[in-house]
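Small disclaimer: the values here were computed from a predicted structure and weren't measured. Quick note on labels: first sequence line is chain A, next is B, and so on, each numbered from 1.
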Amino acid sequence: MCRLIAITSETPLSPMVAIGALDAMNEGHDGSGVGLFLSDLGGHFGELNGEPILSGIFTNAGMKRLDGFMMEVGFLTKYKLSIKVPKTPPPGVPKRDMYLIRAYEYPETWEGLSEREIHERLMNIRLQLRHMGEEKQDMIVFSFWPDVIMIKEIGEPLAVAEHLQLERPELQARVMIAQGRQNTNYAINLYACHPFFIQGVATTTNGENTAFVPIREFLMSRGFPGYIGYQSDSEVFTHILHFMLNRLGLPIEAYKHVITPLSGEDLENHPNGRFLKHLKHVCRRLIIDGPNCVMGCLPDKTLFLVQDRKKLRPGVVGGQPGFYAIASEMCGLDVAIPDRDKSKDFQPMYLDTAIIRPDRQEVTTCRQTDELPLPH
Amino acid sequence: MSSDGRITPSTLSVKDLPWQIHWNKGKCTLCGHCTAICPVHAIELGVFRKRAVQTSIGLNEAPSHVYQVYHGIRQKTDPAYACVGCAMCSLVCPNDCILPYRSDEADKLRYHVNRGGQPRRRGGRRNVPGGILDQIKFIRISMLTDPALDAGRHEFELRTLLGRVLPPEEDLKLLHEESWTPPVREIYPLMLGAMSFGALSPTMWEGLQMGVAYLNEELGMPVRMCTGEGGCPPRLLRSRFLKYVILQIASGYFGWDEIIRAIPEMKEDPCAIEIKYGQGAKPGDGGLLMWYKVNELIAAVRGVPTGVSLPSPPTHQTKYSIEESVAKMIQSMSMAWDFRVPVYPKISGTTTALAVLNNLTRNPYAAALAIDGEDGGTGAAYNVSMNHMGHPIAGNIRDCYLNLVKLGMQNEIPLFAGGGVGKNGNLAANAAALIMLGASGVQIGKYIMQAAAGCLGSESDRCNICNIGLCPKGITSQDPRLYRRLDPEQVAERVVDAFLAFDTELKKIMAPLGRSTSLPIGMSDAIGINDQAAAERLDIKYVV
């Protein structure tokens with residue numbers, strides 16, 4: 001089983017806090033990989049003005065191709081962090097030429113474009129780079145988005161973090177999600193590593209997704225270019241959320257109604273019963289059966305946690321105003337926020353969505369039987 | 001052979017028949033039950049003459065003989081009276097002294113069942129046992145990383161949708177605007193397929209209806225039953241139970257005068273309207289109710305004279321093309337119920353199913369597509385249609401589903417599969433396999449006749465005389481002397497038994513796959529088959 005941690009903090013933190021939490025929970029993962037999503041950045045990256053940041057792993061040849069490509073599109077490098085690693089990686093970690101985190105200035109031709117158009121283009125560039133990299137095996141691209149850094153690597157989390165020197169101040173962030181991976185049914189491939197990201201939406205998941213194939217088929221047939229990949233059955237959770245937020249215009253409170261809808265009397269008696277019945281019918285192919293615990297971050301930096309309906313994977317929320325964390329295990333939470341009031345720790349159950357809004361003042365829970373805050 | 005020793009081309013011996021009656025003289029009490037019950041009069045009381053040799057002990061008297069007479073059972077060899085293997089004789093025999101046996105070689109009767117130039121017609125299914133559905137296994141068993149569910153304790157939602165489901169964006173937008181959205185029914189994924197009032201006896205039909213009503217009202221299982229093309233009894237049309245009924249319209253339009261007249265008086269809308277364009281058992285041929293079964297009641301419900309055969313045309317006579325005519329028909333039927341009732345076509349399995357489906361995808365009122373494969377049953381059809389025409393259901397459903405996936409419409413037009421589901425008794429396994437290949441639900445007919453009423457028919461050509469109204473169990477007969485053998489209450493009980501057992505078995509398949517909340521439609525990673533060609537064709541795993 002994988003181990004997950006999501007942290008939101010008023011003051012920027014080093015990603016080592018998340019790595020430390022993963023290390024505390026190391027009985028629950030096999031050290032076959034680690035993934036980090038950082039947002040609401042501190043350091044230099046935090047001073048950017050909405051410029052997109054590209055995160056990925058490149059060979060030297062890949063770097064050249066990247067530069068050529070970006071130049072052609074009109075992107076200029078604004079700020080970069082190239083992580084040059086020691087020549088000999090720790091055991092189990094592959095040798096790489098370059099871990100790149102680079103912020104770009106938008107091309108002049110993009111001026112005046114709508115936000116929606118920019119978001120579309122950023123995603124398409126990421127996808128293009130991904131395709132190019134897959135062709136020649138010289139680049140792996142995780143994200144290309146404002147205020148988002150992603151790092152993924154195979155190996156034991158703590159060893160990888162030390163190898164990549166993640167302690168550095170440039171990588172501090174207020175919101176972070178990390179996953180320590182237990183490799184199960186898929187070949188080790190960095191595109192199968194959590195967290196998954198698409199247009200500002202990131203999630204990480206614990207557990208298997210038994211409904212993977214029909215969900216993947218449904219997403220891939222939506223005609224949306226970003227719904228590709230699926231090296232991991234968990235990637236669909238990110239895309240379902242993205243689909244719901246962007247295509248259906250629904251709030252996070254509706255996510256559980258999509259993946260684990262109510263039935264029977266609960267549905268009939270719900271204040272939004274008619275709407276939810278429609279939602280259940282039209283999103284029938286997105287229903288999951290678990291066992292899954294999904295943590296994620298929305299474009300506005302809201303963090304959330306949901307469970308499937310029956311099997312549940314461990315997940316606990318705790319913290320104090322200004323500093324909250326969601327972890328797979330208490331010991332992970334203890335490392336992330338040792339001086340919290342533990343009596344307020346909370347384990348969301350099968351109807352709950354735990355939500356920490358961007359102001360980080362409280363954890364709110366939305367029960368599925370509650371009225372939905374639907375947009376008018 | 002006739003008593004004068006004449007031999008004609010169609011003179012057969014008992015050996016030439018497909019079924020041979022073995023009768024045990026020593027156990028027979030000559031009660032006559034067997035000859036009375038035989039639906040085709042294949043056996044009769046026989047008077048046999050035999051010569052007995054008499055020898056006495058000692059040498060005083062020479063051995064002699066004497067002619068004796070004994071009485072027993074004689075099997076007729078006239079092709080018109082050939083035994084059908086139903087074994088009702090065994091059923092009623094108090095001493096178990098009589099039993100039909102299948103011939104050890106291909107019979108000669110088959111060459112002589114066309115006397116008068118009339119090819120053989122019969123009921124039942126394609127006479128080919130086995131099938132691909134039974135070979136499909138469920139291989140994605142949830143293990144350590146993903147513990148299996150508990151079929152007995154976890155909550156399950158075994159429901160499917162019948163009706164056109166719009167793309168999520170469009171549906172929610174229309175809902176927001178309070179506009180019309182297509183009617184969608186949440187139903188149980190196992191439906192009773194089209195079996196008409198007429199093809200079935202009144203007691204059988206009533207039993208099925210009662211069973212369905214009980215499942216709905218007492219057990220909360222939204223099982224639906226299709227009327228087939230034979231109309232619907234007026235009282236049912238005007239009752240609240242109509243909501244459990246799918247009314248079928250086919251090319252003969254039998255019973256539709258009555259249905260249309262009843263619309264203003266209906267308390268409930270029917271579940272759906274099925275437009276039959278084809279049937280798996282007799283693809284491309286119309287419906288058939290032979291004259292034997294058209295008695296006064298049937299004639300009244302269907303609006304026809306008594307005692308005449310009722311062949312529906314192979315196609316709807318006013319129809320030219322699927323583009324306009326099917327659309328018009330779907331439109332008219334929708335309009336009749338003010339667009340509150342889903343309307344969908346049913347076709348027989350065919351290589352042209354994809355063309356039909358593609359057309360329906362462009363018709364926003366088409367609520368579903370039902371496909372009936374070659375193993376579907378019938379009350380009456382030409383033997384050649386049943387045995388040699390049609391397309392297997394598995395490939396058809398898979399192709400259609402994958403085509404919908406390509407179009408991104410896999411959630412929008414539900415596919416319903418029928419034709420040989422549970423043919424070898426493995427109802428839940430067959431249904432689950434079809435669902436994972438892409439069906440939203442399955443329809444059964446013959447299975448429920450076997451399970452709920454004890455139908456004797458088989459794919460080894462046993463019985464299969466549904467067409468002439470002589471059903472020995474009273475299931476497909478319109479003769480009160482026969483259908484009184486069937487108690488509708490008991491049929492209803494068996495319907496309920498069969499559905500409850502199916503429900504448990506389906507859960508026992510779904511739970512180990514880790515599925516319970518939604519029907520695993522198109523979950524093709526869960527199935528595999530030990531046949532490479534079939535695996536490739538169905539795009540599922542080949543497992544050895």
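Neither the backbone nor the side chain of A/Leu219 has a heavy atom closer than 4.5 Å to any heavy atom of chain B. For A/Phe275, the parts lying near chain B are the backbone and the side chain together; criterion is any non-hydrogen pair under 4.5 Å. Only the side chain of B/Val165 comes within contact range of chain A, with at least one heavy atom under 4.5 Å from a heavy atom of that chain. Residue B/Leu161 touches chain A through both its backbone and its side chain, counting heavy-atom pairs closer than 4.5 Å. Both the backbone and the side chain of B/Gln410 come within contact range of chain A, judged by heavy atoms closer than 4.5 Å. Contact annotation for B/Leu519: neither backbone nor side-chain heavy atoms come within less than 4.5 Å of a heavy atom of chain A. With a 4.5 Å cut-off on non-hydrogen atoms, A/Arg222 touches chain B through its side chain but not through its backbone. In this structure, the portions of B/Pro168 lying under 4.5 Å from any heavy atom of chain A include both its backbone and its side chain.
Of the listed residues A/Met220, A/Lys280, A/Arg247, the one with more heavy-atom pairs under 4.5 angstrom with chain B than any other is A/Arg247. Ranking A/Lys277, A/Glu217, A/Arg284 against chain B, the residue ahead of the rest is A/Arg284, based on heavy-atom pairs under 4.5 Å. Most heavy-atom pairs under 4.5 Å with chain A: of the set B/Leu166, B/Thr181, B/Leu175, B/Val184, this distinction falls to B/Leu175. Taking chain A as the reference chain and counting heavy-atom pairs below 4.5 Å, the highest number among B/Ala526, B/Pro167, B/Ser516 is found for B/Ser516.
Between A/Phe196 and A/His239, the ring centre distance reaches or exceeds 6.0 Å. Ring pair A/His278/B/His176: centre-to-centre distance not below 6.0 Å. A centroid separation of less than 6.0 Å is found between the aromatic rings of B/Trp180 and B/Tyr365.
At least one donor-acceptor pair closer than 3.5 Å links the side chain of A/Asn272 to the backbone N or O of A/Leu372. Of the possible polar contacts, none joining the A/Asp266 side chain to the A/Leu262 backbone as a donor-acceptor pair under 3.5 Å is found. At least one donor-acceptor pair under 3.5 Å links the side chain of B/Asn411 to the backbone N or O of A/His281.
Taking 4.0 Å as the cut-off between side-chain N and carboxylate O, B/Glu155 and A/Arg309 count as a salt-bridged pair.
Atom CZ of A/Arg3 is separated from atom CD of A/Glu329 by 4.0 Å, given to the nearest 0.5 angstrom.
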